[in-house]
Amino acid sequence: MREVVLLLDLKFVRENPAAVRRAMELKKETGDLDGLLKLDQQRRDLLKEVEELKQTRNRVSKEIGKQGADSDAAQQKKEEMRVVSTKIKEFDDQLRQIDISMEHLLLSLPNIPDEVVPIGTDEEDNIEVRAWGDKPQFDFEPRAHWDVGENLQILDFPRAGKVTGSRFVVYFGAGARLERALISFMLDLHTKEHGYYEVFPPFLVNSASMTGTGQLPKFAEDAFKIEGADLYLVPTAEVPVTNLHRDEILEADQLPLYYAAYTACFRAEAGAHGRDTRGLIRQHQFNKVELVKFVLPEQSDQELEKLTRDAEKVLQLLKLPYRVMLMCSGDLGFAPAKKYDLEVWLPSADTYREISSCSNFTDFQARRAGIRYRPQQGKKAQFVHTLNGSGVAVGRTVAAILENYQQEDGSVIIPEVLRPYFNGLEKITVPENVR
RNA sequence: GGAGAGAUGGCCGAGUCCGGUCGAAGGCGCACGACUCGAAAUCGUGUGUGCCGCAAGGCACCGUGGGUUCGAAUCCCACUCUCUCCGCCA
């Protein structure tokens, strides 16, 4: 039996309750830490008793075997062991209940924020680390990307609504091409220039995978679940890719592992009613190229910096202005220890919008998913550190391109680096019938 | 969907009919040591994971979950996955 509870490293919580408590405060998370510690004590007491009983049973059963099971003495012992076994069963049942309760409590404890994370309550307290690019100057009023896209007849929201529902979109023609070009461009960049290994994972995952990366049990309502099956639509490629190595012990010299994966992503967007109702910003289904790393603990800090730079490179090559934000404790989220958001410039809204999120999960996901490495032959396996980042969200990139590259006549210049994916086409122009 | 076979340690693979001496033979791989100028070959030793415990030590794990039994890798039930053949299918 896989001891899920124990892989979460109860020891850490037991020995550092103050750190866990502070993390919960900083992240505004609620969890029953005291209840957990109490259960832990109960469990250990109970474990001691039941293991003694089991020792007795094992010993006596062996004796019965040796002296012959039909002897009188054996009959006597059998009688005694029947009682012992009943008791063991009772204790084991109690233990199982405690384990289940503890697992629930443990799974709802957030990761500990890195010490450099600024203390804060919401996005107002995030810190701008750097900004890149010059915002485009327009001598006309820049239009929102949905207007640009619909005018070009490359985005169709009404038809998506008919076919599926709200928060879906249909791409046509050059729009569909643009989406596909971006996916290819991003994958090519990360695999050829940044050393990532391409993966194409399933778009459906089981609950163990969702738990491993931290989507479950806390955020069940954010996911689309397949009715009648233990399957979820992936909210991000992070889930299938990180879980590739679930319950594995990697060799130290395999690390670091870099993966780049394209998947569609599916999010219920529960609690986002009325937000970003127009356009590509908040869809139930969107495409994303995700970067995932498995690294040595002592290297995760610098690996996050590299990962972030790798994601930034996409925007730099596309010449899209952006800024990098360091998330404050209150905006950090449940699983990361440290997180940078990349925010791209959207002229029509006169603001930056998140287009990538790069996180260091330290050993948080590794504990939940049982991902370890062996530092040295014969040494005890340790938890790896996992990181991931969008490299980057494709739908939002389309939005940014449509807005930043729009021309007064409604056409949109295709960023130079994408033109090889368009047979050299330089511009998406308004169809005749619209003009 | 139908018929059959299988799931054992890093890998291969015995053990399962006839329950106890099986945390599990043997081999490969790996580590250390010997031999060697060095290496290969050879020989020797070691080599799963987790939990409880200051320690000695103990407990659990042979796909998963239940059951029978004093005792289960071995018997029974359910489930999952893999493989082969047939059917169907992008």
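Computed from a predicted model, the values in this text were never measured in an experiment. In what follows, every chain begins at residue 1, and chains take the letters A, B, ... in the order their sequences are listed. These numbers come from the heavy atoms of this one structure, side chains and all, not from hydrogens, waters or symmetry mates.
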## Note on the structure
From CZ of A:R59 across to P of B:C59 the rounded distance in Å is 10 Å
### Task
Rounded off to whole Å, could you give me the CD-to-C1' distance for the A:E15 and B:C54 pair?
14 Å
### Strand RNA chain B in bracket notation, Watson-Crick/G-U under 3.5 Å with | for pairs to another chain
((((((((.[[[..)....(.....]]]((((((.......))))))(((((....))))).[[[[[..)....]]]]])))))))....
### Message
Assess, by modelled atom type and distance only, whether the side chains of A:K288 and A:T236 contain a donor and an acceptor separated by less than 3.5 Å.
### Response
yes
### Task
Determine the Euclidean distance between corresponding C1' atoms of B:A60 and B:G2; express it in Å to zero decimal places.
40 Å
### Query
In whole Å, what separates the P atom of B:A73 from that of B:G67?
15 Å
### Summary
Here the distance between atom C1' of B:C52 and atom CG of A:L95, to the nearest Å, is 11 Å
### Query
Between the side chains of A:Y373 and A:Q254, is a donor N or O closer than 3.5 angstrom to an acceptor N or O?
no
### Query
So what does A:K54 touch, heavy atoms closer than 4.0 Å: a base, only the sugar-phosphate, or nothing?
sugar-phosphate
### Task
Could you list all the side-chain hydrogen bond (donor to acceptor under 3.5 Å, both in side chains) pairs where at least one residue sits in residues 412-422 of chain A, not counting sequence neighbours?
A:D188-A:Y421
N/O-N/O pairs, protein side and nucleotides 15-22 of chain B side, under 3.5 Å:
{"from": "B:G20", "atom 1": "N2", "to": "A:S61", "atom 2": "O", "distance (Å)": "2.6"}

### Task
Return the value, rounded to whole Å, for the distance between atom OH of A:Y373 and atom C1' of B:U49.
17 Å
### Query
What is the distance from CG of A:L53 to P of B:C70, rounded to the nearest Å?
16 Å
### Message
Rounding to an integer number of angstrom, what distance separates B:C12 and B:G48 when you compare their C1' atoms?
### Response
16 Å
### Summary
The residue among A:H385, A:K293, A:K338 that forms side chain to side chain donor-acceptor pair (under 3.5 Å) with A:S300 is A:H385
### Query
Think A:N58 has a side-chain N or O under 4.0 angstrom from the OP1 or OP2 of B:G58?
no
### Polar pair under 3.5 Å, donor/acceptor by atom type, side chain A:Q55, base B:G58
no
### Summary
Whole-Å distance, A:R374 CZ to B:G50 P, equals 8 Å
#### Entry: Distance, rounded to the nearest Å, where A:R82 contributes CZ and B:U68 contributes P
12 Å
### Query
Are A:I401 and A:I413 side-chain neighbours, meaning at least one heavy-atom pair lies under 4.5 Å?
no
### Message
Work out how far the P atom of B:C22 is from that of B:U16, and round it to whole angstrom.
### Response
14 Å
### Query
Which residue pairs pass the side-chain hydrogen bond (donor to acceptor under 3.5 Å, both in side chains) test when at least one of the two sits in residues 165-178 of chain A, sequence neighbours left out?
A:Y171-A:E179
### Whole-angstrom distance between B:G50 and B:G1, as gauged at atom P
39 Å
#### Entry: Euclidean distance for C1', B:G19 against B:A72 (whole angstrom)
6 Å
### Task
For nucleotides B:A40 and B:A34, find the distance between their P atoms and express it as a whole number of Å.
14 Å
### Task
Determine the interatomic distance between C1' on B:G58 and the same-named atom on B:A5; round to the nearest Å.
40 Å
Counting only pairs under 3.5 Å, give me each side-chain donor-acceptor contact of residues 193-200 of chain A, with atom names and distances, residues two or more places apart or in other chains.
{"from": "A:H194", "atom 1": "ND1", "to": "A:H190", "atom 2": "ND1", "distance (Å)": "3.1"}
{"from": "A:Y196", "atom 1": "OH", "to": "A:D310", "atom 2": "OD2", "distance (Å)": "2.7"}

### Task
Enter the distance from A:K225:NZ to A:L216:CG here, rounded to the nearest 0.5 Å.
9.5 Å
### Query
In terms of the nearest nucleotide of RNA chain B, which residue is placed more toward the 5' end: A:T56 or A:R96?
A:T56
### Message
Using ring centroids (six-membered ring only for Trp), state whether A:F219 and A:F334 fall under 6.0 Å.
### Response
yes
### Task
Examine B:G50: is either OP1 or OP2 under 4.0 Å from a nitrogen or oxygen in the side chain of A:R372? Give yes or no.
yes
### Task
When you get a sec, tell me which of B:U68, B:C52, B:C70 is the closest nucleotide to the side chain of A:K89?
B:U68
### Query
A:E103 has an atom CD; how far is it from atom P of B:C51, in whole Å?
15 Å
### Query
If you draw the axis of the six-membered ring of A:F383, does the NZ or CZ of A:R368 fall within 45° of it and under 6.0 Å from the ring centre?
no
N/O donor-acceptor pairs under 3.5 Å from side chains in residues 57-66 of chain A, not counting sequence neighbours:
{"from": "A:N58", "atom 1": "ND2", "to": "A:K54", "atom 2": "O", "distance (Å)": "3.4"}
{"from": "A:S61", "atom 1": "OG", "to": "A:R57", "atom 2": "O", "distance (Å)": "2.9"}
{"from": "A:E63", "atom 1": "OE1", "to": "A:K77", "atom 2": "NZ", "distance (Å)": "3.0"}

